Student: 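Have a look at the structure that comes next, please.
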Amino acid sequence: MCNNHKNMTTTRVLSVPSAKAPFEKTTIERRELRPHDILIDIKFSGICHSDIHSAFGEWGGGIFPMVPGHEIAGVVEAVGTEVTKYVVGDRVGVGCFVDSCGECEYCLSGEEEQYCMKGVINTYNGLDYDGNPTYGGYSQKIVVTEGFVVRIPDGLDMDVASPLLCAGITTFSPLKHWNAGPGKKVAIVGMGGLGHVAIQFAHAMGAEVTVLSRSNNKKEKALEFGADHYFATSDPATFTELAGRFDLILNTVSANLDVDAYLSLLRIDGTLVNVGAPAEPDKYQVFSLIMGRRSIAGSLVGGIRETQEMLDFAAEHAIAPMIEVIRADQVDEAYERVLKSDVRYRFVIDISTL
Ligand SMILES: [Zn+2]
Ligand SMILES: [Zn+2]
């Protein structure tokens with residue numbers, strides 16, 4: 001190690017020097033282990049669509065150089081003096097955030113750190129409480145405090161586990177919160193990185209699952225993932241046939257939808273939950289809510305305890321994202337392919353190639 005602080009860790013990373021620039025292989029320093037810190041040797045890192053928004057500087061305020069990645073799976077390489085949750089060799093994961101204030105009501109609940117009132121510390125493109133930029137999972141090593149690390153159960157392969165840390169919890173949490181389960185009719189809108197996992201979770205929770213996708217192209221696959229029904233939204237007859245059908249619609253698409261049309265598919269008291277955010281505001285008639293006491297809602301990933309529950313649930317029910325493992329030098333190309341929706345259904349970087 002060639003640095004002044006002998007206990008910092010130099011690590012290879014894939015970094016974007018400025019918005020939309022191609023990735024470069026370079027090195028950064030990971031902080032010296034604090035008493036509750038864990039040094040993780042990263043094995044796989046998933047590519048989330050929000051990595052692309054961030055690396056392209058599309059969400060404003062991008063901190064460059066940037067090392068994206070918040071779907072991290074690896075092995076514990078070293079632990080701080082007071083770590084109790086993990087030992088060297090444990091298989092672990094890190095998701096979208098790496099710290100929170102620990103003092104507000106949402107942190108104290110132990111369930112909702114993602115809604116921390118002081119602002120959660122994002123895994124990358126954020127500033128930690130000392131004002132240092134955070135760098136994510138396109139990296140050989142990362143240091144994270146133990147309270148924000150989850151255990152990857154034995155039944156889950158590490159490459160498959162990594163997308164669950166964002167795509168998995170983003171869909172699991174709202175399905176649980178809005179009680180997807182036996183007797184409930186749930187629609188999943190969109191069948192990409194999020195949607196194809198949402199189908200599997202909703203099915204395993206016992207709900208009757210319908211997939212709403214633009215065309216019929218993904219029908220066969222959707223049924224394999226556990227969907228009971230599949231409808232193409234490009235066919236206007238779909239909206240007539242399914243009127244008033246669903247208790248819950250989980251929208252995983254980040255393009256603007258005809259919100260009124262989707263609200264018309266809800267039963268009385270039904271909820272349309274959004275986990276993908278369109279760049280432009282959605283438009284809808286308030287009457288669409290009033291006429292059926294319906295709700296529009298949103299949901300952001302999930303807390304750490306729930307993320308652990310999600311991984312355990314996935315292992316127990318053999319739920320697995322479908323992935324394409326790529327080399328570190330293929331990430332630019334992978335971004336292009338994600339933008340063209342040319343991925344079935346999640347890219348995962350093999351960090352050993354970095
Ligand atoms: Zn993500
Ligand atoms: Zn907090």
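In listed order, ligands and their atoms are each counted from 1. The structure displayed is predicted, hence computed values, not measured ones. No hydrogens, no waters, no symmetry mates; every other heavy atom, side chains included, goes into these values.
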Student: Could you pull out the N/O/S protein atoms under 2.8 Å of the Zn ion (ligand 1), ignoring any water?
Tutor: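 Near the Zn ion (ligand 1), the protein supplies C48 SG, H70 NE2, C166 SG.
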Student: Give the cluster check for V75 versus V83: same hydrophobic cluster or not, with ILVMFWY residues linked at side-chain heavy-atom distances below 4.5 Å.
Tutor: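 Linked within one cluster.
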Student: Which heavy atom of A227 sits nearest to which heavy atom of V211, and what is that distance?
Tutor: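 Shortest heavy-atom contact: CB-CG2, 3.7 Å.
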Student: Among residues at least two apart in sequence or on other chains, which ones pass side-chain hydrogen bond (donor to acceptor under 3.5 Å, both in side chains) with R293?
Tutor: D269
Student: Rounded at 0.5 Å granularity, tell me how far CG in L194 sits from CD1 in I199.
Tutor: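 Answer for the CG-CD1 pair, L194 versus I199, is 11.0 Å.
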Student: Please, which pairs that meet salt bridge (charged side-chain N to carboxylate O under 4.0 Å, His left out) have at least one residue in residues 228-246, sequence neighbours excluded?
Tutor: none
Student: So Y138 and F23, would you call those rings parallel, tilted or perpendicular, with 30° and 60° as cut-offs?
Tutor: tilted
Student: Using a distance-only test with no angle check, is there a side-chain donor-acceptor pair under 3.5 angstrom linking E29 and T10?
Tutor: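 A donor-acceptor contact under 3.5 Å links the two side chains.
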Student: Assess the pair H203 and F225: is the distance between their ring centroids shorter than 6.0 Å?
Tutor: no
Student: What orientation do H229 and F231 show, parallel under 30°, tilted 30 to 60°, or perpendicular over 60°?
Tutor: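 H229 vs F231 ring planes: tilted.
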Student: Short of 2.8 Å from the Zn ion (ligand 2), name each protein N/O/S atom, waters not counted.
Tutor: C101 SG, C104 SG, C107 SG, C116 SG
